[in-house]
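Beneath this line is the structure, given in structure tokens, with notes to follow.
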2 protein chains.
Amino acid sequence: MKKILLEDDEIPKEWYNILPDLPEPLPPPLHPATNEPVKPEDLEPIFPKELIKQEMSDERFIRIPDEVREIYAIWRPTPLIRAERLEKALKTPARIYFKYEGVSPPGSHKPNTAVAQAYYNMKEGVERLTTETGAGQWGSALCFATKLFDLKCTVFMVRISYEQKPYRRVMMETWGGEVVPSPSDRTEFGRKILKEHPDTPGSLGIAISEAIESAASDDKTKYSLGSVLNHVLLHQTVIGLETKKQLEKVDEKADILIGCVGGGSNFAGLCFPFVKDSEKDGSKIIAVEPTACPTLTKGDYRYDFGDTAGLTPLLKMYTLGHDFTPPPIHAGGLRYHGDAPALCMLVKHGIIEARAVDQVSTFNAGLLFAKTEGIIPAPETTHAIRVAIDEALKAKEANEERVIVFNFSGHGLLDLQAYDDFMNGKLKGT
Amino acid sequence: MKKILLEDDEIPKEWYNILPDLPEPLPPPLHPATNEPVKPEDLEPIFPKELIKQEMSDERFIRIPDEVREIYAIWRPTPLIRAERLEKALKTPARIYFKYEGVSPPGSHKPNTAVAQAYYNMKEGVERLTTETGAGQWGSALCFATKLFDLKCTVFMVRISYEQKPYRRVMMETWGGEVVPSPSDRTEFGRKILKEHPDTPGSLGIAISEAIESAASDDKTKYSLGSVLNHVLLHQTVIGLETKKQLEKVDEKADILIGCVGGGSNFAGLCFPFVKDSEKDGSKIIAVEPTACPTLTKGDYRYDFGDTAGLTPLLKMYTLGHDFTPPPIHAGGLRYHGDAPALCMLVKHGIIEARAVDQVSTFNAGLLFAKTEGIIPAPETTHAIRVAIDEALKAKEANEERVIVFNFSGHGLLDLQAYDDFMNGKLKGT
């Protein structure tokens with residue numbers, strides 16, 4: 001059996017909230033003006049109440065609304081697939097499985113939280129969501145989700161991506177989204193940046209600042225974030241919860257779990273439901289980031305802003321500094337200066353291992369995957385594949401039948417330019 | 001239950017061959033030089049023996065090799081999905097189902113035959129396949145399939161597509177294919193065309209001629225065609241055979257079956273296994289083509305060449321003439337002057353209905369589908385969706401609970417430029 005499938009009615013009925021299971025309480029987000037812990041009401045101008053509640057919840061399981069599960073059923077449960085042809089190419093005794101999140105209409109794991117966020121905003125009477133997007137995965141997921149709940153959506157898209165990735169823009173517009181290159185003249189912060197640096201390519205930090213400013217200035221508009229925050233990671237745990245059931249179905253137990261990390265959401269989605277098991281049974285969980293943006297492996301663990309302008313609450317996390325500008329690698333989704341606080345704490349405590357890999361090595365892994373398993377991975381996903389292959393080769397050296405599971409966060413059909421550059425020797429090592 | 005799934009071991013074990021069930025024997029293909037019926041050995045320079053045998057077989061069911069089923073399992077069985085949100089938007093009592101072939105790694109139904117063809121060629125010691133591609137769906141499917149069986153692949157890509165659709169080229173190259181803009185200087189015919197028309201945008205007919213010439217001139221190279229021929233349609237019947245099982249699972253019976261037609265392969269794949277039933281129970285089967293290339297609705301039923309140069313055998317089919325150049329609509333896969341002979345005969349006998357729809361109306365349908373069901377269809381697929389919607393609206397008028405099933409032949413993630421043009425009012429009516 002190559003694909004391990006679940007039926008629609010096996011879509012999880014609850015998300016898993018890791019907060020009560022962390023080794024110590026998560027340090028609270030601090031208000032950017034007062035440096036005092038943020039109160040729920042401080043967040044109400046930009047988030048709906050239910051998401052604020054989830055952000056701070058200490059309940060281990062949170063019910064998934066039926067309306068959300070119905071939309072999930074468009075593409076969920078996603079298949080867990082045994083990568084037998086990759087195993088053969090590597091001549092490894094390891095069994096490699098990947099959770100294929102690329103089957104969602106926008107092509108990545110991002111809709112898992114976009115759908116939930118759109119739903120709760122709709123329930124509370126919100127009419128429009130704003131957000132930022134870099135490579136475009138998150139923006140397209142939110143346009144997809146808002147359309148299904150009949151909300152409007154404005155996406156501030158990092159200018160250089162807006163210009164270089166027209167297909168992503170068209171995708172968002174096809175789902176009825178409005179896409180604005182950032183920095184823009186829509187916000188005070190955007191106008192300021194444009195005045196100082198008229199030729200700026202933009203950055204995710206700037207786009208976040210614009211999206212928040214735009215949401216805060218209108219009653220019926222709220223803001224939506226695609227990673228980092230607790231409620232975002234919470235919604236992604238459907239990935240790991242399904243994977244658990246699927247592994248049980250074929251009587252397998254993961255020895256090694258792997259995900260790539262930008263802000264941490266796809267990683268947490270697969271791995272958080274396995275953390276307690278791993279502490280008991282010694283299985284290994286590996287977070288993979290690019291050497292070009294080595295937040296977990298080289299950042300400091302301290303309070304920092306989530307955006308460039310300093311509008312967001314301060315979060316205790318590994319950070320490269322909120323003004324850090326990573327080099328323009330193709331894995332745009334992994335170019336973020338910070339990481340999810342819950343994930344950072346697990347790394348700090350040594351419960352999760354962090355590893356950085358360079359761009360050329362990840363594309364080599366991605367190309368081998370495409371040529372053996374037939375599926376072309378997104379540049380972000382190739383980071384997880386790189387480490388899955390490395391671990392499979394270690395298993396070969398040790399001659400051990402290890403079970404390796406990684407999250408295939410998205411396909412690369414809208415990132416083919418990156419493969420063209422790679423095959424033509426245009427990519428740099430980091 | 002929104003998605004009706006089958007397990008890996010429910011992938012059909014046999015393809016369905018419609019030849020013995022046609023209302024009269026299929027008129028034989030004629031040799032282009034002698035006008036005599038083609039003998040199997042005439043085809044051996046370009047096709048492997050097993051495919052020639054299948055092309056002329058009168059066995060109703062043909063076993064699918066295990067090695068082919070194993071590759072099918074990368075993405076098959078494909079889901080049959082109830083389009084409930086589309087139904088609601090249309091306020092129709094009809095139940096609309098679509099067979100989602102877009103889940104294959106190249107994103108369309110084309111690998112169903114590409115994998116089978118690559119397999120039989122590999123078994124007979126062939127080292128390289130040549131083919132042509134227009135929009136790129138077929139070329140990418142064959143590059144995907146040949147890579148999995150370790151064959152080389154050379155794709156002659158219509159020059160204008162080569163230039164306008166770099167992503168499709170990169171996709172083929174990612175799977176190790178060689179992509180040559182056609183007309184090229186690789187073949188005598190290509191050089192002749194280039195000399196006469198140095199600025200030609202190319203055409204599918206020219207590319208076919210080049211691919212055949214290139215295969216015929218080398219012992220270890222054979223040619224592969226993505227539609228029209230009997231063995232190609234045969235391999236696609238896994239679509240309809242799975243759909244039958246899936247409908248049975250939810251106790252449904254199709255009243256109307258719909259597919260778009262370029263050469264006829266995705267249409268035949270879904271519909272041929274239902275033809276005998278439809279003759280008994282009066283269910284309707286509709287073949288949809290673009291008004292810009294109205295082969296079935298306005299063509300003549302006569303012998304004609306499959307390519308521009310007149311290298312292929314003559315086939316008895318509906319044709320607009322082998323020198324017909326359709327206007328450059330976005331549904332590149334539907335721009336072919338002829339159609340599969342088996343399909344044409346069923347239309348000729350009134351067993352299948354043919355209908356032509358114009359481009360703007362198809363994109364309207366595609367956009368409504370994307371906004372309700374969340375999946376962005378390929379321009380070809382929007383033709384089937386257009387008629388599915390039309391039929392659902394007729395059911396509403398008649399207040400009847402009709403069951404409508406259409407083939408979702410491919411997603412549109414590599415065709416987003418077409419949506420951009422449509423949304424910006426740049427598309428013409430035909």
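Values reported hereafter were calculated over all heavy atoms of this structure, with side chains retained and with hydrogens, waters and symmetry mates removed. Lettering of chains follows the sequences in order, A, B, ..., and the numbering in each one begins at 1.
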**Request:** Under 4.5 Å, counting heavy-atom pairs only, tell me which of A:L367, A:T372, A:L5 racks up the most with chain B.
**Result:** A:L367
**Item:** Selection from A:Q417, A:R85, A:E70, A:R168 maximising heavy-atom pairs under 4.5 Å formed with chain B
**Value:** A:R85
**Item:** Euclidean distance, B:Y100 OH relative to B:I239 CD1, rounded to 0.5 Å
**Value:** 13.5 Å
**Complete:** Rounded to the nearest 0.5 angstrom, the CD1-CD1 distance for A:I375 and A:I385 is 9.0 Å
**Electrostatic pair B:E373-B:K2, nearest N-O below 4.0 angstrom** = yes
Is chain A contacted by the side chain of [X], its backbone, both, or neither, given a heavy-atom distance below 4.5 Å?
X: B:L368; value: neither
X: B:M423; value: side chain
X: B:F144; value: side chain

**Request:** If the plane angle is over 60° it's perpendicular, under 30° parallel, otherwise tilted; pick one for A:F408 and A:F369.
**Result:** tilted
**Item:** A:F149: which of A:Y120, A:W175, A:Y119 passes ring-ring contact (aromatic ring centres under 6.0 Å, His included)
**Value:** A:Y119
